[in-house]
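Below, all heavy atoms of this structure are taken into account, side chains as well, without hydrogens, waters or symmetry copies.
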Amino acid sequence: MNFSEQVYVLVERIPHGRVATYGQIAALLHTPRAARMVGVALRSLPDGTVVPWHRVINSRGEISIENMEHPAEEQANRLMAEGIRVGTSNGVYLIDLDMYLWMPNTELTNGGESRTV
DNA sequence: GGTTTGACCCTAA
DNA sequence: ATTAGGGCCAAAC
């Protein structure tokens, strides 16, 4: 299984209503410096894929797409459809990481609570 | 094989 | 606080 496939598998584990960062995905794959590769992998997702690519954002909590086949606006809409509050400042979409960041270490160790705040 | 390419990230001004 | 600049490394050429 190549790097891209591992990325897809991991991204599928991001729960509905949560987000992860590129660097976080890379770190979970034991290559903490390969954040850009995560982006490259998601860039060339096959069409009609079921991977929730929209749940992956950058380390500052921003959507990092300008305009491709999937514009930033679509990603923002998909996130909001999951109940995530998406702010916008100067054309940049912002997500509160303190509130929505996925914490994979916590998910199985505490009965599924994992609240922050 | 070597080179180029990024949906990134961190550091230093 | 904001912004350049450089490092990163798997994949595609």
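- One can place CG of A/Leu29 at 15 Å from C1' of B/dC8, the figure rounded to the nearest angstrom.
- A/Phe3 comes within 4.0 angstrom of the backbone, heavy atoms only, and of no base.
- Comparing A/Arg60 and A/Ala34 against DNA chain C, the residue whose closest nucleotide sits nearer the 5' end is A/Arg60.
- Contact check, A/Ser59 against B/dC8: no side-chain N or O comes under 4.0 Å of OP1 or OP2.
- Counting to the nearest Å, the P atom of B/dA7 and the OH atom of A/Tyr93 are 18 Å from each other.
- With the nearest nucleotide of DNA chain C identified for both A/Arg33 and A/Ser4, A/Arg33 has the one nearer the 5' end.
- Nucleotides of DNA chain C that come within less than 4.0 Å of any heavy atom of chain A span, from the 5' end to the 3' end, C/dG7 to C/dA11.
- A straight line from CD1 of A/Ile63 to C1' of B/dC8 spans 16 Å, rounded to a whole angstrom.
- Shown are A/Val38, A/Leu29, A/Val51; of these, the side-chain contact (heavy atoms from CB on, under 4.5 Å) with A/Leu10 is made only by A/Leu29.
- With rounding to whole Å, A/Arg78 atom CZ is found 18 Å from B/dA7 atom P.
- To the nearest angstrom, P of B/dA7 lies 14 Å from CH2 of A/Trp53.
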Is there a side-chain contact (heavy atoms from CB on, under 4.5 Å) between A/Trp53 and A/Ile65? Walk through the geometry before answering. CA-CA 12 Å; A/Trp53 54 270; A/Ile65 311 181; 4.3 Å; yes

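- Side-chain contact of A/Glu82 with A/His54: a donor-acceptor pair under 3.5 Å is present, judged by distance alone.
- Residues that satisfy the side chain to side chain contact (heavy atoms under 4.5 Å, CB included) test with A/Asn2, not counting sequence neighbours, are A/Ser4, A/Glu5.
- Atom pair A/Ile57:CD1 and B/dA7:P shows a separation of 17 Å (rounding to whole Å applied).
- Side chains of A/Leu94 and A/Thr88 form no contact here, defined as non-hydrogen atoms less than 4.5 Å apart.
- Counting heavy atoms from C-beta on, the side chains of A/Thr31 and A/Phe3 come closer than 4.5 Å.
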